[in-house]
Participant: 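Take a look at the following structure, please.
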Amino acid sequence: MVTNVSQRKTPLTIHIALLSVLITKSITKETIPELFYFFLGSITSSLIALLLVYFSKKVSLHMLGMASLTVFCISLCMHFQVREVIIISALLFCNGIVAASRLYMKAHTNKELVLGYLIGLFPQLLLLFFWL
């Protein structure tokens with residue numbers, strides 16, 4: 001938990017750089033397109049979160065990650081036409097647990113949680129159309 005919003009700049013920049021190396025050197029569009037677009041969505045979400053840091057806006061990176069993972073798993077189920085209701089239900093439950101824990105610890109406000117969730121959700125949904 002960082003107290004100052006500007007302390008998020010370095011970790012987010014490193015995260016974006018590492019994911020960029022991953023999708024250019026290892027997980028390319030040709031080898032594993034599903035993971036490529038998942039990580040590309042993660043880079044996009046992280047870039048948006050980093051941009052908001054420069055405007056002194058804090059978003060929940062935990063919710064951002066949970067939303068991205070949830071949409072990715074639902075997308076995989078649709079892509080491979082399998083019904084994994086238990087996994088999807090567990091992920092949705094974990095979304096609620098993460099949100100409740102961030103509120104309980106007073107790490108975020110409701111607005112920051114929702115904003116983090118939306119920033120994790122929309123890039124994954126937009127990139128879904130490229131590989132589904």
Participant: Please give me the minimum heavy-atom distance between Thr31 and Ser26, naming the atom from each residue.
Facilitator: OG1-O, 3.8 Å
Participant: Identify the two heavy atoms, one from Ile16 and one from Ser46, that lie closest to each other, and give their separation to 0.1 Å.
Facilitator: CG1-CB, 3.5 Å
Participant: Hydrophobic cluster membership, with links at side-chain heavy-atom distances under 4.5 Å among I/L/V/M/F/W/Y: are Val21 and Leu19 in one?
Facilitator: no
Participant: Is Ser68 reaching over with its side chain to a backbone N or O of Gly120, donor-acceptor style, under 3.5 angstrom?
Facilitator: yes
Participant: Atom NE2 of His108 and atom CZ of Arg102: how far apart are they, to the nearest 0.5 Å?
Facilitator: 4.5 Å
Participant: Can a donor-acceptor pair be found, under 3.5 Å and without considering hydrogens, that links the side chain of Thr28 to the backbone of Thr24?
Facilitator: no
Participant: Give the minimum heavy-atom separation between Ile23 and Phe39, together with the two atoms involved.
Facilitator: CG2-CB, 3.4 Å
Participant: Suppose the criterion is side chain to side chain donor-acceptor pair (under 3.5 Å): which pairs have a residue in residues 116-132, not counting sequence neighbours?
Facilitator: none
Participant: Examine Phe38 and Phe130 and state if one hydrophobic cluster contains both, with Ile, Leu, Val, Met, Phe, Trp and Tyr joined whenever side-chain heavy atoms are less than 4.5 Å apart.
Facilitator: yes
Participant: Check this for me: Lys9, atom NZ, are more than 12 non-hydrogen atoms of other residues, nucleotides or ligands nearer than 6.0 Å?
Facilitator: yes
Participant: Could you please spell out the steps behind the side-chain contact (heavy atoms from CB on, under 4.5 Å) verdict for Glu34 and Ile32?
Facilitator: CA-CA 6 Å; Glu34 298 87 1; Ile32 310 170; 3.8 Å; yes
Participant: Between atom OH of Tyr37 and atom CD1 of Ile43, what is the distance when rounded to the nearest 0.5 Å?
Facilitator: 12.5 Å
Participant: Taking atom CZ of Arg8 and atom OG1 of Thr13, what is their separation to the nearest 0.5 Å?
Facilitator: 12.5 Å
Participant: Just by distance, do the side chain of Ser45 and the backbone of Ile119 share a donor-acceptor pair under 3.5 Å?
Facilitator: yes
